[in-house]
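Computed from heavy atoms alone, side chains included, the values below leave out hydrogens, waters and symmetry copies. Labels below follow one simple rule: chain letters A, B, ... track the order of the sequence lines, proteins then strands, and each chain is numbered from 1.
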Number of protein chains: 2
Amino acid sequence: MRNHAIILPMSTDLIQRLRAAGYKITPPRLAVIEVIQREGEHLNPQEILEQAQALHAQTGRATVYRTLELLTQLGIVRPIYVGDNGPTYIRADGAHHHLVCSRCGRIVEFDACAADSMGCELESRFGFHITSHLLEFYGICPQCQTSDASQSQ
Amino acid sequence: MRNHAIILPMSTDLIQRLRAAGYKITPPRLAVIEVIQREGEHLNPQEILEQAQALHAQTGRATVYRTLELLTQLGIVRPIYVGDNGPTYIRADGAHHHLVCSRCGRIVEFDACAADSMGCELESRFGFHITSHLLEFYGICPQCQTSDASQSQ
DNA sequence: ATCACAAATGAGAATAATTCTCATTAAAGC
DNA sequence: GCTTTAATGAGAATTATTCTCATTTGTGAT
């Protein structure tokens with residue numbers, strides 16, 4: 001039974017990176033990568049499993065965890081924890097900017113970010129090759145400011 | 001049996017905040033707060049439990065979770081996820097700046113931060129009352145840059 | 001100080017999330 | 001096509017977290 005039947009219009013460069021690092025190109029890995037490439041942001045392991053299974057039915061849960069770990073190692077994806085939910089995965093390039101309410105968990109995303117310019121300085125200062133960043137501000141949202149102090153969501 | 005026996009040189013203002021929000025001041029809560037005040041950063045729930053039990057022996061695990069949730073709601077502490085470990089708790093004031101290696105998980109902390117100035121702008125733009133922030137850059141550390149691509153830790 | 005009441009607690013059960021184990025499969029290079 | 005070895009899926013095992021419920025204990029009123 002051939003599984004190559006799935007025609008994935010995958011970004012070939014990611015496959016190259018996997019292969020270059022000595023990893024095999026397998027249907028479950030392709031499925032997970034495809035899911036993240038396509039749907040992208042903030043999927044949790046369960047959701048990634050489900051969507052990967054839509055592409056490659058016999059994909060197992062353990063393999064999804066293993067693949068996410070591998071892709072994280074390779075700097076392709078990254079777990080992110082926002083609010084009180086478990087991890088969700090995002091592409092490890094690009095930036096994420098959140099405004100998080102400590103009281104109700106409400107999250108606002110914003111764009112403009114002074115951090116971009118900091119990247120260069122840090123690169124030379126610490127020798128890191130920086131690929132992305134996360135900037136989160138915490139505080140109390142307008143709604144929670146006006147309502148009673150001892151409430152939730 | 002009186003449990004008030006524990007003399008805690010606690011910052012009274014936190015007690016005030018708890019009381020003001022209608023919560024009772026109990027030995028386990030005092031113990032957890034004391035642990036975080038004193039030791040402060042990056043303790044996980046297990047460690048917080050152990051240290052709280054050193055202050056108030058009969059403190060239960062569930063209560064630690066409940067107290068951490070409460071303190072998070074009140075904006076006193078905040079869970080933080082760094083590397084592949086579970087949550088650890090930090091005081092919700094002040095800022096945290098990390099440089100995280102995607103490959104080996106190495107973490108470098110840095111100080112200077114352009115984000116402070118952004119806070120004001122965001123406050124007026126979104127109406128949040130901002131109390132702290134987290135800025136994390138992700139990339140590859142010097143050590144991992146020089147070593148082979150397919151390695152870990 | 002005592003009382004009444006609701007909130008908070010501890011113990012352990014229940015659940016959910018993640019990791020491990022191991023026999024089987026299949027990708028990659030020859 | 002054949003060999004080697006990494007990768008896989010299934011489910012067991014483990015770990016972390018939440019829930020349940022009977023009991024205790026702060027708190028404000030008396």
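Listed candidates were D:dG9, D:dA7, C:dA8. Nearest to the side chain of A:Thr59 is D:dG9.
Below 30°, between 30° and 60°, or above 60°: for A:Phe110 and A:Phe137 the angle between ring planes is between 30° and 60°, a tilted geometry. Ring-plane geometry between A:His97 and A:His133 is classed as tilted, the angle between the planes lying from 30 to 60 degrees on a 0 to 90 degree scale.
The OH-C1' distance, from B:Tyr23 to C:dA7, rounds to 11 Å in whole Å. Atom C1' of nucleotide D:dT8 and atom NZ of A:Lys24 are separated by 11 Å, given to the nearest angstrom. Summarising the geometry, the separation between CD on A:Gln73 and C1' on D:dA7 is reported as 16 Å, rounded to the nearest angstrom. We find that CD of A:Gln53 is positioned 9 Å from P of D:dG9, with the value rounded to whole Å. To the nearest angstrom, C1' of C:dT9 lies 15 Å from CG of B:Leu68. At whole-Å resolution of the value, CZ in A:Arg19 and C1' in C:dA28 are 9 Å apart. As a whole-Å value, the separation of A:Leu18 CG from C:dA27 C1' is 13 Å. Following rounding to the nearest Å, B:Asn85 (CG) and D:dT15 (C1') show an atom-to-atom distance of 14 Å.
Side-chain atoms of A:Tyr89 and A:Arg78 include no donor-acceptor pair closer than 3.5 Å. B:Arg38 and B:Gln51 form no side-chain donor-acceptor contact under 3.5 Å, judged by distance and modelled atom types alone.
No more than 12 heavy atoms of other residues, nucleotides or ligands lie within 6.0 Å of CD in B:Glu69, so this atom counts as exposed by the packing criterion.
OP1 or OP2 of D:dT8 lies within a sub-4.0 Å distance of a side-chain N or O belonging to A:Thr26.
Within the 3.5 Å criterion, the main-chain N or O of B:Thr63 finds a donor-acceptor partner in the side chain of B:Thr67. Distance alone, capped at 3.5 Å, is enough to place a donor-acceptor pair between the A:Gln53 side chain and the A:Thr59 backbone.
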(request) Between protein and nucleotides 15-22 of chain C, map the contacts as a letter string: B base, S sugar-phosphate only, - none, heavy atoms under 4.0 Å, written 5' to 3'. (result) --SBBBB-

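Sequence order on DNA chain D of the closest nucleotides to B:Ile25 and B:Gln46 puts B:Gln46 first from the 5' end.
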